[in-house]
Amino acid sequence: KPDVTKVEQWCDSVSIGSALWKQFRSACRRHKSTPSLVLKSLYGLLLQQYCRPTNDFVVYEIISGRKKQHNRAIGCYYQQVPVLFQQALMQPSNVLSEYLNHIKQAQKQLGSAQNISVLQQQKLIQHGRIGFLYNYYDFHHIIDFMGQKQRLQHYPPRVPVGQVQLIAKQMSDDLLLECHYHTQDFNSFAAMRRLKSVIEQFVEGVDTIADLSWVTGEENAQLDRWNNTSAIHEPNYSNIIDAIQLQMQNNPDALAVQQG
């Protein structure tokens, strides 16, 4: 929990790009899954890695839909469906594909049980210190407006204090990841860039959960620069006495020794 005095709503966002988006969809098909389900599963691993829960935890997925017999109605149903992430399935030695399959089967078993009233949903939701939500949009249409192609945009959500929302916006040629939160509740720790990095590793075909690296490419490059011991340093002094004299010349009024 960050130490802040002013509460602000923030949005950490990243675009995965058209090339990676295409590769990600192809990898999801190989796993006989959908981008929404795989992303939700990777999000659970991200929270497990950085929030360090001691027990199983729940992320509430916001889903919408409409029954066929209600296809003439205006609007649709919205549900907050709990997704249970079990620690036993998220151990480093576990195979990633088996973990994804478990999340998929749990969603199938839910079936029509998700179609309950909003009031009942609120009663069932566990109220912890922080509530994590997941929302996947897949209807970013492009329309003709006054002779120009325009993409429909969603208003940024008003996230209540005590909630963290991951929103994935699927477009025809890209996927935009957004994390909305309040500074008093959550520290982003570049969460969306880390999630993008894990998507890249998923595309490359990692085997076990332990094979996933949660360090971004930029951080790896920074570590390489810090650990570059082959760099040649040529000081302008030959011994410690010369170094002290040089420091005295550069800072003649600086305090040299203090006792007590």
Side-chain angles (χ1 to χ4, degrees), residues 1-4 6 8-28 31 35-54 57 59 85 87 89-97 99-100 103 130 132-136 156 159 163-171 174-233:
K1 183 177 179 180
D3 182 17
V4 295
K6 183 179 179 181
E8 296 181 281
Q9 179 175 330
W10 283 79
C11 175
D12 173 22
S13 64
V14 66
S15 169
I16 74 169
S18 58
L20 180 57
W21 173 225
K22 182 178 180 180
Q23 295 170 346
F24 181 49
R25 286 181 293 172
S26 178
C28 290
H31 284 268
S36 174
L37 190 143
V38 172
L39 187 61
K40 173 174 56 181
S41 304
L42 297 179
Y43 180 45
L45 289 174
L46 177 73
L47 295 178
Q48 192 269 345
Q49 180 72 22
Y50 284 95
C51 297
R52 298 294 183 181
T54 55
F57 63 94
V59 171
F85 291 96
Q87 292 290 337
L89 297 169
M90 307 172 79
Q91 298 304 308
S93 59
N94 290 1
V95 178
L96 182 61
S97 59
Y99 164 72
L100 295 174
I103 301 296
I130 303 295
F132 290 91
L133 286 88
Y134 171 73
N135 197 351
Y136 191 97
V159 178
Q163 279 191 8
V164 177
Q165 291 192 18
L166 168 62
I167 299 177
K169 298 180 178 179
Q170 175 181 323
M171 305 177 188
D174 198 356
L175 184 70
L176 181 65
L177 305 176
E178 295 181 352
C179 182
H180 296 263
Y181 61 96
H182 287 274
T183 52
Q184 74 169 26
D185 298 326
F186 189 67
N187 191 328
S188 158
F189 54 83
M192 297 301 95
R193 285 193 289 121
R194 299 185 196 283
L195 195 54
K196 179 181 178 179
S197 174
V198 173
I199 289 174
E200 293 171 341
Q201 297 169 63
F202 171 76
V203 167
E204 293 171 358
V206 295
D207 184 25
T208 65
I209 294 177
D211 294 330
L212 293 172
S213 173
W214 299 97
V215 180
T216 66
E218 294 89 343
E219 290 168 335
N220 274 322
Q222 187 177 38
L223 290 173
D224 289 340
R225 291 194 298 270
W226 288 347
N227 294 326
N228 184 13
T229 56
S230 62
I232 299 176
H233 176 62

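Just so you know, these numbers come straight off a predicted model, no measurement behind them.
- Formation of a donor-acceptor pair under 3.5 Å by the H31 side chain with backbone atoms of S97 is not found in this model.
- Within the model, atoms CZ of R25 and CG of L20 stand 10.5 Å from one another, a figure rounded to the nearest 0.5 Å.
- Atoms CD and CG, on Q222 and N220 in that order, are 10.0 Å from each other to the nearest 0.5 Å.
- Of all heavy-atom pairs between V164 and C179, the closest is CG1-SG, 3.8 Å.
- Under the 4.5 Å side-chain criterion, counting only non-hydrogen atoms from C-beta, L46 is in contact with W214.
- Distance check, rounded to the nearest 0.5 Å: OG of S93 to CG of D211 gives 11.0 Å.
- Side-chain contact between L177 and I199: present, with at least one pair of heavy atoms (C-beta onward) separated by less than 4.5 Å.
- Counting all heavy atoms, side chain and backbone alike, C11 lies closest to H180 at SG-CE1, 3.5 Å.
- If you take CD on E178 and OG on S15, they are separated by 10.5 Å, rounding to the nearest 0.5 Å.
- Across all their heavy atoms, S213 and S197 have their closest contact at O-OG, 4.2 Å.
- Using a 4.0 Å cut-off between charged side-chain N and carboxylate O, R194 and E219 make a salt bridge.
- Residues passing the salt bridge (Lys or Arg N to Asp or Glu O under 4.0 Å) test with K40, sequence neighbours excluded: E61.
- A heavy-atom distance below 4.5 Å is found between the side chains of L45 and L96.
- Side chains of D185 and Q163 form no contact here, defined as non-hydrogen atoms less than 4.5 Å apart.
- Among residues two or more places apart in sequence or in another chain, the salt bridge (Lys or Arg N to Asp or Glu O under 4.0 Å) test is passed with E200 by none.
- The closest side-chain heavy-atom distance from Y99 to N94 is not below 4.5 Å.
- Of all heavy-atom pairs between A191 and D12, the closest is N-OD2, 3.3 Å.
- Closest heavy-atom contact between W21 and D174: CD1-N, 3.1 Å.
- Side-chain atoms of Q49 and L212, non-hydrogen and from C-beta on, never get closer than 4.5 Å to each other.
- Here CD of Q48 is found 7.0 Å from CD of Q91. Values are rounded to the nearest 0.5 Å.
- Residues passing the ring-ring contact (aromatic ring centres under 6.0 Å, His included) test with F85, sequence neighbours excluded: F57.
- By the 4.5 Å heavy-atom criterion applied to side chains, F202 and L100 are counted as neighbours.
- Here CG of L37 is found 9.5 Å from CG of L42. Values are rounded to the nearest 0.5 Å.
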Exercise. Are V206 and V198 close enough, and set up right, to give a side chain to side chain contact (heavy atoms under 4.5 Å, CB included), and what steps lead you there?
Worked result: CA-CA 10 Å; V206 295; V198 173; over 6 Å; no
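- Among all heavy-atom pairs drawn from F24 and L39, the shortest one is CZ-N, 4.4 Å.
- Counting heavy atoms from C-beta outward, L166 and M192 have side chains that approach closer than 4.5 Å.
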